[in-house]
Trainee: 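A single structure is presented below for examination.
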Amino acid sequence: MKKHALIFSMLSAFALAASAQTYTVKSPDNNLKLELNVNDSISYSLTYKNNQLISPSAIGLKLDKTTLGASAKVLSVKPSAVNKTIRPLYGKAAVLTDNYNELAISFAGNYKLLVRAYNEGVAYRFVTDLKDSVKVISEQAGFNLKGAPGTTIAETDNYTAWELAYNQYKSISEVKEDKHAITPALYSYNNGVKLVIAEADLFDYPGMYVKKKNGNIIGEWAGYPATTKMGSWGDFVSVVTSRENYIAKEPGKKEYPWRVLIATDDDKNLLNNQLIYKLSKPSVLENTAWIKPGKAAWEWWHDAILPGAPIPSGMENRSTQLYNFYTDFAAKNKLEYMMIDAGWSDNYDVKKRLQKTDIRAVIQHANEKHVGIFVWCVASPLLKDLDANLDYLKEIGAVGIKVDFFDRDDQQAIKWLQVIAEGAAKRHLMVDFHGCSKPTGLQRTYPNIVNYEAVRGQECSKWDFTTNPVHHTTFPFIRMLGGPLDYTPGSMRNKSKDTFKPIAEGLPSTQGTRCHELAMFVVFDQPLAVFCDSPTEYEKYPDIEAYLSAVPTVFDETKPLDAKVGEYIAIAKKKGGDWYVGAMNNWDARDVNVDFSFLPAGVSYTADLYSDAADADKNAEKYEHKTITVNRSTKLNLKLAPGGGAVVHLHGR
């Protein structure tokens, strides 16, 4: 009876609103309100806790034969309320609450507008039911931000870069109009509210950017490729040389991507917001038992140099023997995988192995050690004969592929991601996408996608200063909203701000303390966690080896404890009976207080605490490891050095 009364109340309210061509949908907690106005065009506004964040902004789709949103005539309005659960195959929570209110508005011209309001944010998408295929000339997505909020965005002049540093502006008035920014993009209001513009469920459609035009923020998309050539890195990347005057070619029946707006007045909530995942299509795979997240050894970042190893090492010595050494290290330390990067096969033909490496022998040895092998390949050559190439990779015994150098996110490139994921899934191959655009939920539909790069990651420490503690405490609130990232943490050569310098060839180092680096394994979402440093370097520190062997890559529960964008993060994650707490900060030393009241009553834990040493500000490699007892009454003060961090591993009983 109560449920029917609720639906009746909603129907009555929407019926009254329909006469005014104004429609309102609110989040279940009533904090978020999206108001639609339908007249000659469709516009919306967004309010959070009675504060308007976005003033009326126009939306629509200009097709070659019609324009969705122009002279819009409403035929029907169907409200609904949903409250169910999602059980991801893996991630940072075993169960997600999928609770939202939705409006489905049908328009003359055979299209709908779906609007959803969750407690975490709101989203809208167009759905067409047209007879013939169409060209999308342009999309109108306005975000008229109220006032002049500050912004933290990754800007670019092209449509080929997503591994970017973030620029911070005190006001959008400072943002130039000749650049665009990748999404998700973060905006900060004076009252402490954060707004993120993003997208979800992106299939066969170009990725969305945002840019400023006439003082307002609008969406932008790459044009459909007209001509391409092979070029860029190694002449094996498909480069667009000219574009059409439209952005996409689509079937008449199409669900267009969700345009997503996430709002909160507590920064830490962004660390556990999975709205993009919730909005994306559920898995299409029936058998997923073969998909197993885990950790991997890797040779590329440290140039395959193994100081003190009993075998020849270095990039010039990549061979069967060298890869077997990494596999043995992985087996010894309970790492599930070895990631073999460029150098095992011809860059232009994945089926042509290089002389020094017998990949079949490497994989046979790994199988004997119960270690799976991921192999690197380039996207364009892989796609030339996708079925044959994937068949070969499966036949030699690889468990996964690292596919690199897409370097585009126009419609064609977005389609490539789906085609590769689908083809790999048919052969029970996991996928780690590199040189790719940000995730938008495809990893839910194809959970064999165990990671994306799309982040300015550890590799950049080889050539510049951008991967620093400010960056590490910024992108988890923004880029990580889209999904997991392959940052490749685990550096054991740690430097302070004053002592760091990039090293392109040889043994690189990183900015921030040893414990800052260890905290990445808890703070960052990475179902496939790839260790960047040398096995012989880890072996110098048995206590750190023990931690890295134990820390999982996926979790049952996540609890953000305290956080502020660009400054610090403290988060707790649970796996089985164990808890892991990770804390990291920017270049400002600070105390972080951890309240363990989230633990169950009556249970005490033995905990390994790794924290910055007193002189870690001078020698960033210095740390302390001690064992403590923790229960729900414990209050732990963590003193973080500049660029510092801490981890606590609570052992369940």
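All residue numbers in this chain count up from 1 along the given sequence.
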Trainee: Cut-off 3.5 Å, side chains only: do Y623 and N494 have a donor facing an acceptor?
Mentor: no

Trainee: Do you know which two heavy atoms are closest between A181 and I153, and how far apart they sit?
Mentor: CB-CB, 3.8 Å

Trainee: Salt-bridged, E155 to K179, with N to O below 4.0 Å?
Mentor: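 Result for this pair is no, no salt bridge flagged.
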
Trainee: Taking atom CG of D98 and atom CD of Q274, what is their separation to the nearest 0.5 Å?
Mentor: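 Answer rounded to 0.5 Å: 11.0 Å.
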
Trainee: Under a 3.5 Å cutoff, is there a donor and acceptor pairing between the side chains of D608 and H651?
Mentor: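 Note: D608 and H651 side chains meet the donor-acceptor criterion.
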
Trainee: One pair to check against side-chain contact (heavy atoms from CB on, under 4.5 Å): E567 and D588. What are the steps and the verdict?
Mentor: CA-CA 8 Å; E567 297 188 16; D588 298 324; 5.9 Å; no

Trainee: For the side chain of K462 and the backbone of W301, is there at least one donor-acceptor N/O pair under 3.5 Å apart?
Mentor: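 Such a contact is found between K462 side chain and W301 backbone.
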
Trainee: Carefully, step by step, assess L270 and L186 under the rule side-chain contact (heavy atoms from CB on, under 4.5 Å).
Mentor: CA-CA 11 Å; L270 294 173; L186 176 72; 4.3 Å; yes

Trainee: Parallel, tilted or perpendicular: which one describes the rings of Y118 and Y100, with boundaries at 30° and 60°?
Mentor: tilted

Trainee: Check whether R116 reaches the backbone of V122 with its side chain - one donor and one acceptor, N or O, closer than 3.5 Å.
Mentor: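 Between the backbone of V122 and the side chain of R116 there is no qualifying donor-acceptor contact (under 3.5 Å).
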
Trainee: Just by distance, do the side chain of R632 and the backbone of V603 share a donor-acceptor pair under 3.5 Å?
Mentor: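 A pair under 3.5 Å: no.
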
Trainee: Is the centre of the W579 ring less than 6.0 Å from the centre of the F598 ring?
Mentor: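 That pair passes the under 6.0 Å test.
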
Trainee: Under the salt bridge (Lys or Arg N to Asp or Glu O under 4.0 Å) rule, what do K540 and D533 come out as? Steps first, then yes or no, please.
Mentor: CA-CA 12 Å; K540 296 177 183 178; D533 220 328; over 6 Å; no

Trainee: Using salt bridge (Lys or Arg N to Asp or Glu O under 4.0 Å), reason through K438 and E199 one step at a time and then give a plain yes or no.
Mentor: CA-CA 10 Å; K438 82 283 181 181; E199 63 180 336; 2.7 Å; yes

Trainee: Using atom types as modelled and distance alone, determine if a side-chain donor or acceptor of D556 lies under 3.5 Å from a backbone N or O of A94.
Mentor: no

Trainee: With under 30° as parallel and over 60° as perpendicular, where do the rings of Y337 and F374 fit, or are they tilted in between?
Mentor: perpendicular

Trainee: Would K622 and D615 count as a salt bridge (Lys or Arg N to Asp or Glu O under 4.0 Å) if you check the C-alpha gap in whole Å, the side-chain angles of each, and the deciding distance to 0.1 Å?
Mentor: CA-CA 7 Å; K622 298 289 285 294; D615 57 347; 3.0 Å; yes

Trainee: Roughly how far, to the nearest 0.5 Å, is the CG atom of L261 from the CG atom of L53?
Mentor: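 Reported value, rounded in 0.5 Å steps: 9.0 Å.
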
Trainee: List the steps and the verdict of side-chain contact (heavy atoms from CB on, under 4.5 Å) for Y547 and H625.
Mentor: CA-CA 11 Å; Y547 163 72; H625 171 217; over 6 Å; no

Trainee: Side chains of residues 557-566: which donor-acceptor pairs under 3.5 Å do they make with residues two or more places apart or in other chains?
Mentor:
from : atom 1 : to   : atom 2 : distance (Å)
E557 : OE2    : K559 : NZ     : 3.3
T558 : OG1    : K92  : O      : 2.7
D562 : OD1    : Y568 : OH     : 3.4
D562 : OD2    : Y568 : OH     : 3.4

Trainee: Is it the case that more than 12 heavy atoms not belonging to K176 sit under 6.0 Å from its NZ atom?
Mentor: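 For K176, atom NZ is not crowded (no more than 12 foreign heavy atoms under 6.0 Å).
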
Trainee: For the atom pair CG (L485) and CG (N451), what is the distance rounded to the nearest 0.5 Å?
Mentor: 6.5 Å

Trainee: Check whether the ring centres of H649 and Y580 lie less than 6.0 Å apart, and answer yes or no.
Mentor: yes

Trainee: Assess the side chains of D409 and S437: does a donor N or O sit below 3.5 Å from an acceptor N or O?
Mentor: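 There is no such pair between these side chains.
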
Trainee: Is there a side-chain contact between D265 and N191, using heavy atoms and a 4.5 Å cut-off?
Mentor: no

Trainee: Rounded to the nearest 0.5 Å, what's the gap from NE2 on H302 to CD on Q458? Could you check?
Mentor: 12.5 Å

Trainee: Please verify the inter-ring angle class for H180 with Y209; under 30° counts as parallel, over 60° as perpendicular, anything in between as tilted.
Mentor: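 Perpendicular: the ring planes of H180 and Y209 meet at over 60°.
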
Trainee: Quick check on K146: does its NZ atom have over 12 non-hydrogen neighbours (other residues, nucleotides or ligands) under 6.0 Å away?
Mentor: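 Not more than 12 within 6.0 Å, no.
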
Trainee: How about Y166 and F475: are their ring centroids closer than 6.0 Å?
Mentor: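 No.
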
Trainee: Please check if any side-chain donor atom of E545 sits under 3.5 Å from a side-chain acceptor atom of N333, or the reverse.
Mentor: yes

Trainee: Does a donor on one side chain sit under 3.5 Å from an acceptor on the other, for T553 and K295?
Mentor: no

Trainee: Are there over 12 heavy-atom neighbours, none belonging to E505, within less than 6.0 Å of that residue's CD?
Mentor: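 It does not: E505 CD has 12 such atoms or fewer within range.
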
Trainee: Any non-hydrogen side-chain atom of V196 less than 4.5 Å from a side-chain atom of F477?
Mentor: no

Trainee: Rounded to the nearest 0.5 Å, how far does CG of L650 lie from NZ of K574?
Mentor: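 Going from the NZ atom of K574 to the CG atom of L650 covers 11.5 Å.
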
Trainee: Short question: side chain of N31, backbone of K49 - any donor-acceptor pair under 3.5 Å?
Mentor: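 No.
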
Trainee: With sequence neighbours excluded, what pairs up with K268 under the salt bridge (charged side-chain N to carboxylate O under 4.0 Å, His left out) test?
Mentor: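 Residues passing salt bridge (charged side-chain N to carboxylate O under 4.0 Å, His left out) with K268: D266.
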
Trainee: Is there side-chain contact between H471 and T466, with heavy atoms separated by less than 4.5 Å?
Mentor: no

Trainee: Does T499 reach the main-chain N or O of K495 with its side chain, forming a donor-acceptor pair under 3.5 Å?
Mentor: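 Answer holds: no.
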
Trainee: To the nearest 0.5 Å, what is the distance between OG on S509 and NZ on K501?
Mentor: 9.0 Å

Trainee: Checking L32 against L34 for the side-chain contact (heavy atoms from CB on, under 4.5 Å) test, could you report, in this order, the C-alpha distance in whole Å, the side-chain angles of both residues, the deciding distance, and whether it holds?
Mentor: CA-CA 7 Å; L32 277 163; L34 188 146; over 6 Å; no

Trainee: P642 versus S496: any side-chain heavy-atom pair under 4.5 Å?
Mentor: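 Not touching, per the 4.5 Å side-chain cut-off.
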
Trainee: Kindly indicate whether the side chain of L202, heavy atoms from C-beta on, has any atom under 4.5 Å from the side chain of L442.
Mentor: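 No - every pair of side-chain heavy atoms lies 4.5 Å or more apart.
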
Trainee: Would you say that I86 contacts Y277 through its side chain, given a criterion of any heavy-atom pair below 4.5 Å between the two side chains?
Mentor: yes

Trainee: Is there a side-chain contact between I571 and V523 (heavy atoms, below 4.5 Å)?
Mentor: yes

Trainee: Quick check: F521 with F531 (ring centres under 6.0 Å apart)?
Mentor: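 Yes, the ring of F531 comes within the 6.0 Å limit of the ring of F521, centre to centre.
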
Trainee: Please tell me whether T97 and N99 have a donor and an acceptor in their side chains that are separated by less than 3.5 angstrom.
Mentor: no

Trainee: Does R514 qualify as a cation-pi partner of Y541, given the criterion of NZ or CZ under 6.0 Å from the six-membered ring centre and within 45 degrees of its axis?
Mentor: yes

Trainee: Between T488 and E459, is any pair of side-chain heavy atoms under 4.5 Å apart?
Mentor: no

Trainee: Using the ring of each side chain (for Trp, its six-membered ring), is F406 parallel, tilted or perpendicular to F433, with breaks at 30° and 60°?
Mentor: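 Because their plane-to-plane angle is over 60°, the rings of F406 and F433 count as perpendicular.
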
Trainee: Is the count of non-hydrogen atoms from other residues, nucleotides or ligands lying under 6.0 Å from N83 atom CG greater than 12?
Mentor: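 Counting neighbours around CG of N83, more than 12 heavy atoms of other residues, nucleotides or ligands fall under 6.0 Å, so yes.
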
Trainee: Spell out, as yes or no, whether a donor-acceptor pair under 3.5 Å connects the side chain of D303 to the backbone of I305.
Mentor: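 No, because the side chain of D303 does not come within donor-acceptor range (under 3.5 Å) of the backbone of I305.
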
Trainee: Measure from the side-chain N and O atoms of T467 to the backbone N and O of F465, and report whether any donor-acceptor pair falls under 3.5 Å.
Mentor: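 Pair absent, no side-chain N/O of T467 close to backbone of F465.
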
Trainee: Of all the heavy-atom pairs spanning V210 and A185, show the shortest one and how long it is.
Mentor: CG2-CB, 3.9 Å

